[in-house]
Amino acid sequence: MPISVVYDTTCVSATGKCCAWTVPAGVTSVTFEIWGGGGGGANGLMMCNCCARTQSGGGGGYSLKTIPVTPGSVYTVCAGNAGVDATCNAYGAAANFCCNGVTGGTSFVTGNGLTGFCATGGVGGCGTFEISCYGHCGCNGAPGGRGYGGDINESGTPGVKGMSGGSNAYASYTMGGTAGGPGGGVGGFNTGSCNAGASNSNPALHGTVPGGGGAGHGCAVDCTCFQYGSGRGAPGFVKITW
């Protein structure tokens, strides 16, 4: 049973891209599986003895549809773009204190036998963070995307927060949401360590393909230093099976 995976430099770009797919000769039934892009994590700033926590991005939605097809028919296949992480990355700059992550793009397929068939991207994390001095810090992650118009439709999970332990109560972590469906991409993880650095130098903060959400800004055990860094969501994905 051949599988055509639409996720490559031809069919996906930084802003999402569509391709035309033609039903091969002799094929009479096709299954489309789609995942929306993962949401990007928000960014913030850590302050002495306080934690500034931002939201992680949600995972992309998922949908599956099996339809009868006619050889030679053409379908428009679109893989949603990744939700990029926040890029403020400024130490102590009040005007750039926090930034929102970007919502992941919608993946969809259009053509004969399909109506409203799409999977939305995970929501980007919100940069309006919660500050808690010597207490449980952080806010819940952004919502996941949803699937529509399929035989099976699933939502991605929201990003999560948790406590990472340590000697101080304000230590915690963020993790991006997981995309819906079998094999959905997992979210990036941020322990809040002051060694985590900027998102571009720490791939662990980013979601994995397809549709994993990016980690938000975390809280370190030692809040005596400034800290920034959030993760990108992963691109959407389309799989065609016949």
Side-chain angles (χ1 to χ4, degrees), residues 7 9 11-18 34-45 52-62 78-90 93 95-108 118-130 138-148 155-161 174-180 184-190 196-218 228-238:
Y7 169 64
T9 56
C11 294
V12 174
S13 69
T15 57
K17 194 170 182 179
C18 298
I34 53 177
W35 290 263
N43 213 337
L45 196 64
R53 280 288 295 261
T54 63
Q55 287 184 327
S56 48
Y62 168 82
C78 301
N81 57 292
V84 298
D85 52 317
T87 57
C88 46
N89 288 352
N96 241 353
F97 193 69
C98 57
C99 302
N100 295 339
V102 175
T103 295
T106 297
S107 296
F108 60 92
C118 65
T120 60
V123 175
C126 177
T128 303
F129 52 76
E130 174 187 328
C139 51
N140 289 319
R146 298 178 63 185
Y148 298 91
S155 297
T157 66
V160 298
K161 67 175 182 179
T174 76
M175 185 169 65
T178 298
V186 299
F189 184 79
N190 190 351
S199 57
N200 290 338
S201 63
N202 189 354
L205 301 180
H206 310 318
T208 63
V209 176
H217 175 264
Y228 64 85
S230 59
R232 296 187 297 272
F237 199 92
V238 178

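Note that this is a predicted model, so its numbers are computed, not measured.
Between A82 and A234, the closest heavy-atom pair is CB-C, 3.7 Å. Across all their heavy atoms, G236 and S107 have their closest contact at CA-OG, 3.8 Å. The minimum heavy-atom distance between A179 and P210, with the atom names listed, is CB-O, 3.2 Å. Of all heavy-atom pairs between T103 and G122, the closest is CG2-O, 3.2 Å. Among all heavy-atom pairs drawn from F108 and C18, the shortest one is CZ-SG, 4.1 Å. Residues A142 and G124 approach most closely at CB-O, 3.6 Å, considering heavy atoms.
A donor-acceptor pair is defined here as one N or O able to donate and one able to accept, closer than 3.5 Å; no such pair exists between the side chain of H206 and the backbone of G214. Counting only distance, with no hydrogens or angles, the side chain of S155 and the backbone of G61 share no donor-acceptor pair below 3.5 Å. Looking at T120, its side chain never comes within 3.5 Å of a backbone N or O of T106 through a donor-acceptor pair.
Using bins of under 30°, 30° to 60° and over 60° for the plane-to-plane angle, the ring pair W35/Y62 lands in the tilted bin.
Rounding to the nearest 0.5 Å gives a distance of 11.5 Å between CD1 of I34 and OH of Y148.
No side-chain heavy atom of M175 sits under 4.5 Å from any side-chain heavy atom of S56. Put simply, the side chain of P235 reaches to within 4.5 Å of the side chain of V209, judged on heavy atoms.
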